[in-house]
Amino acid sequence: MRLTLLIALAIFVVDQASKYYVVHMLDLARIREIDVFPPYLNLRMAWNDGINFGLLGDLGGYMRWVLIALALGISAWVVWWVRRGPQKPIVLISAGILLGGALGNVVDRVIYGAVADFLNMSCCGIENPFAFNVADVAIFVGAIGLVLFTSEKKTT
């Protein structure tokens, strides 16, 4: 469990530091966009008040609190699940990655009222209109890791 919490803390710090730097130090909230290595990597400010790709964001201010509660509930369930018995180190790491990302986006919703998304990547003539952040990547990677590396013990 300690490994999970250390990984979660590291991901959380990287996520929040990157958001602080981009939103406040680079002033992306005002500038709106910075081309870093176009079209492959750009910074595009987007405030996401919904779930992935802004889905359900137009349902009103209460959705912010629903999403906070949902993220905290899932995070609590992951902690409970990891603690229930011995887990492989890769499962503990995957859980920590997911938790760090989930908590990073929860802090955004509490502080800003929405998640600060700023990474934008396009390639091969296809322009991606969406932005994401470090926490989003962590949630995705952590969830995939849990799916791939968790095996149920079957009793016969």
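Values below: every heavy atom of this structure, side chains too, minus hydrogens, waters and symmetry copies.
Note that the CZ atom of R32 and the CE atom of M45 stand 7.0 Å from one another [nearest 0.5 Å]. Distance check, rounded to the nearest 0.5 Å: CG of L67 to CG of L72 gives 11.0 Å. Atom SG in C123 sits 12.5 Å away from atom CG in L41 (nearest 0.5 Å). In this structure, I7 CD1 and L98 CG are separated by 13.0 Å, a value rounded to the nearest 0.5 Å.
Under a 3.5 Å cut-off, the side chain of N128 and the backbone N or O of M121 do form a donor-acceptor pair. When atom types are taken as modelled, the side chain of R64 and the backbone of V110 share a donor-acceptor pair closer than 3.5 angstrom. Under a 3.5 Å cut-off, the side chain of N120 and the backbone N or O of F130 do form a donor-acceptor pair.
The minimum heavy-atom distance between L92 and T4, with the atom names listed, is O-OG1, 3.0 Å. For the pair A8 and L99, the tightest heavy-atom approach, listed with the atom from each and the gap, is CB-CB, 4.0 Å. Of all non-hydrogen atoms in L146 and A95, the two that sit nearest each other are CD2-N, 3.9 Å. Of all the heavy atoms in A102 and I139, the pair that sits closest is N-CG1, 3.6 Å. Heavy-atom minimum distance, D15 versus G104: OD2-CA, 3.4 Å. What you find for I11 and A138 is that their closest heavy atoms are CG2-CB, 3.6 Å.
Both W77 and L5 are assigned to one and the same hydrophobic cluster, defined by single-linkage of ILVMFWY side chains at heavy-atom distances under 4.5 Å. No path of Ile, Leu, Val, Met, Phe, Trp and Tyr side chains, each step under 4.5 Å between heavy atoms, connects I144 with V134, placing them in separate hydrophobic clusters. Put simply, F149 and V147 are part of two different groups of oily side chains (I, L, V, M, F, W, Y) that touch within less than 4.5 Å, one to the next. Linking ILVMFWY residues whenever their side-chain heavy atoms come closer than 4.5 Å, directly or via other members, places I31 and V36 in the same cluster. Hydrophobic cluster membership is shared by V22 and W47, with clusters built from Ile, Leu, Val, Met, Phe, Trp and Tyr side chains linked at under 4.5 angstrom.
The environment of F140 atom CZ is sparse: at most 12 non-hydrogen atoms of other residues, nucleotides or ligands sit within 6.0 angstrom.
Each of L26, L28, D27 was checked for a side chain to side chain contact (heavy atoms under 4.5 Å, CB included) with R30, and the lone residue meeting it is D27.
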Let me see the working for W81 and V91 under side-chain contact (heavy atoms from CB on, under 4.5 Å), right down to the final yes or no. CA-CA 11 Å; W81 180 79; V91 172; 3.7 Å; yes
Run the side-chain contact (heavy atoms from CB on, under 4.5 Å) test on L119 and L43 for me, step by step, so that the C-alpha distance in whole Å, both residues' side-chain angles and the decisive distance to 0.1 Å come before the verdict. CA-CA 5 Å; L119 295 170; L43 302 180; 4.1 Å; yes
Given side-chain contact (heavy atoms from CB on, under 4.5 Å), test I93 with Q87 step by step and report yes or no. CA-CA 10 Å; I93 291 167; Q87 303 289 347; over 6 Å; no
Trace of the side-chain contact (heavy atoms from CB on, under 4.5 Å) decision for N133 with N105: CA-CA 9 Å; N133 60 45; N105 280 348; 3.4 Å; yes
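Residues V137 and F132 have side chains in contact (heavy-atom distance under 4.5 Å, counting atoms from C-beta outward).
Using a cutoff of 4.0 Å between basic side-chain nitrogens and carboxylate oxygens, K19 and D117 are not scored as salt-bridged.
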